[in-house]
2 protein chains.
Amino acid sequence: METPDTLPDEEFLRLDRQICFSLHAAARAFNGVYREALKELGLTYPQYLVMLVLWEHGELPVKGIGERLRLDSGTLSPLLKRLEAAGYVERRRSAEDERSVTARVTDAGAELRTAALGVPRRIAAATGLDVADIADLRERLGALAARLDGIDPGELRPACG
Amino acid sequence: METPDTLPDEEFLRLDRQICFSLHAAARAFNGVYREALKELGLTYPQYLVMLVLWEHGELPVKGIGERLRLDSGTLSPLLKRLEAAGYVERRRSAEDERSVTARVTDAGAELRTAALGVPRRIAAATGLDVADIADLRERLGALAARLDGIDPGELRPACG
DNA sequence: CACGATTCAGTTGTGCACAACTCAATCGCG
DNA sequence: CGCGATTGAGTTGTGCACAACTGAATCGTG
């Protein structure tokens, strides 16, 4: 048993409820605040995330968006279709590789960026958190996510230690 | 202008992409790890959260579960129906208030708890994070969620400062 | 060149989150 | 008591997340 037995299983279960709930609830609360702020733009929170990376890069293949946002085509395909229907994004098959589809920001999408500029500032003001705090939290969450994504599924099986 | 203009809007947008993504990705990565660990129990992550609060309280009205997990009936009703179909939970109308429905852990649900005891320990071992770290992160996320939930929607409207 | 393996986007099916709604039970005030 | 307002669970519809799959394009190796 390499796991230090400083806590009984019962205690682990209680702590687990707390951390699971906190992360889950914080993510949904964040989502809710953005949902409200993004209403005027007609974007959902995940659509906003996609637009953020597209605004940074101008155009990206679906795969590239997926790598940056940790999302697969099953999520991105319909989402991009909706962004295209809204007129913010254009999709076209790549000429070099017919398997690949490139998403590009349209003029309307670029205009949307201007309107979106005020969103994070308003949210930062409403939360009252300062930039350093946010940046620190971001780093810890990023490290946590990286570690979680790096876990071998076998480690979670009952038999393994 | 109470917001200090230490950063241009452009910078805010870039930082926003980072924090939004981090929280979003961390929550999904967490979800994924639990999805794997909970496979053997036949539970999804949100179902596990519901079982955790039910294991603590034995039985709760739907409203009580919703308050503890920040979920509404639209999410809980079908979820509890699935837990009932799996045999882990029983639902019955309250005698005192016919509007209310109480969810109660069945014998099979109680057995499931025993099987679930190992889950958080395995995950803690796999992540390699120590309890103090987790507890600290939990507190910060809890505080963030509380602040976000306390925001007046009006604060997020374009016109307001 | 040929052909099996891989890669990429998209589809299908399941479940969660949430808004908007229905409907019955309960509450509260006149 | 009577009746409008509120409360509680449930339903419906939309969108996201993800597993499992399809099908076409490309790659690699013989």
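Small disclaimer: the values here were computed from a predicted structure and weren't measured. All chains are named by letter (A, B, ...) in the order of the sequence lines, taking the proteins before the strands, and each is independently numbered beginning at 1. The figures here come from the full heavy-atom set of this structure, side chains too, leaving out hydrogens, waters and symmetry mates.
Across all strands shown, Ser77(B) has heavy atoms under 4.0 Å from base atoms, whether or not it also approaches the sugar-phosphate. Using a 4.0 Å heavy-atom criterion, one finds that Leu76(B) contacts no nucleic acid atom at all. Across all strands shown, Leu71(A) has heavy atoms under 4.0 Å from sugar-phosphate atoms exclusively, and none from any base.
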Using a 4.0 Å heavy-atom cut-off, write out nucleotides 19-27 of chain D from 5' to 3' as B (base contacted by protein), S (sugar-phosphate only) or - (no contact).
S-----BS-

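The existence of a salt bridge linking Arg14(A) and Glu56(B) is excluded, since no basic side-chain nitrogen approaches an acidic carboxylate oxygen closer than 4.0 Å.
For the pair Asn31(A) CG and dT14(D) C1', the computed distance is 14 Å after rounding to whole Å. For the pair Leu69(A) CG and dA17(D) P, the interatomic distance rounds to 9 Å; values are reported in whole Å. One atom, CG of Leu79(A), and another, C1' of dC18(D), lie 14 Å apart when rounded to the nearest Å. At whole-Å resolution of the value, CD in Glu67(B) and P in dT7(D) are 12 Å apart. The CG-P distance, from Leu60(A) to dA9(C), rounds to 11 Å in whole Å. Atom P of nucleotide dC18(C) and atom CG of Leu38(A) are separated by 15 Å, given to the nearest angstrom. Atom CG in Leu83(A) sits roughly 11 Å away from atom P in dG15(D) (whole-Å rounding). Regarding Ile65(B), its CD1 atom lies at a distance of 13 Å from the P atom of dA17(C), rounded to whole Å.
For Arg91(A), no side-chain nitrogen or oxygen approaches OP1 or OP2 of dA9(C) to under 4.0 Å. Lys81(B) has a side-chain polar atom (N or O) that falls below the 4.0 Å cut-off from OP1 or OP2 of dT11(D).
Checking dG10(D), dG10(C), dA9(C) against the side-chain heavy atoms of Val101(B) singles out dG10(D) as nearest. When the nucleotides dG10(C), dG8(D), dC18(D) are ranked by their closest atom to the side chain of Ser100(B), dG8(D) comes out on top.
Between Arg93(A) and Ala29(A), the one whose closest nucleotide on DNA chain C sits nearer the 5' end is Arg93(A). Between Val62(A) and Gly32(A), the residue whose closest nucleotide on DNA chain C is further toward the 5' end is Val62(A).
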For residues 34-42 of chain B, please give each side-chain donor-acceptor pair under 3.5 Å, one per line with the distance, not counting sequence neighbours.
residue  : atom : partner   : partner atom : Å
Tyr34(B) : OH   : Asp16(A)  : OD1          : 2.2
Tyr34(B) : OH   : Asp16(A)  : OD2          : 3.2
Glu36(B) : OE1  : Lys39(B)  : NZ           : 3.3
Glu36(B) : OE2  : Arg157(A) : NH2          : 3.1
Glu40(B) : OE2  : Arg122(B) : NH2          : 2.5

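Across every non-hydrogen atom of Ala26(A) and Ala145(B), the tightest pair is CA-CB, 3.8 Å. Across all their heavy atoms, Pro120(A) and Leu13(B) have their closest contact at CG-CD1, 3.8 Å. In terms of heavy atoms, Ala110(A) sits closest to Val105(A) at N-CG1, 3.4 Å. Scanning all heavy atoms of the two residues, the minimum distance from Ala103(A) to Leu80(A) falls at CB-CD2, 4.3 Å.
When the side-chain contact (heavy atoms from CB on, under 4.5 Å) test is applied to Ala124(B), the partners found at least two apart in sequence or on another chain are Phe12(A).
Residues of residues 45-54 of chain B that place a heavy atom closer than 4.0 Å to DNA chain C, in numerical order, are Pro46(B), Gln47(B). Near DNA chain C, meaning a heavy atom under 4.0 Å away, there are no residues from residues 19-28 of chain B.
Note on residues 49-104 of chain B: no pairs pass ring pair (Phe, Tyr, Trp, His ring centres under 6.0 Å), not counting sequence neighbours.
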For Glu98(B) and Arg93(B), run salt bridge (charged side-chain N to carboxylate O under 4.0 Å, His left out): C-alpha distance rounded to whole Å, both residues' side-chain angles, the deciding distance at 0.1 Å, then the answer.
CA-CA 6 Å; Glu98(B) 288 281 336; Arg93(B) 290 267 154 201; 5.6 Å; no

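Aromatic rings of His24(B) and Phe30(A) (six-membered ring for Trp) have centroids beyond the 6.0 Å cut-off, not under it.
In this structure, CD on Gln18(B) lies 12.5 Å from CG on Leu141(A), to the nearest 0.5 angstrom. Atom CZ of Arg68(A) and atom CG of Leu49(A) lie 14.0 Å apart (nearest 0.5 Å).
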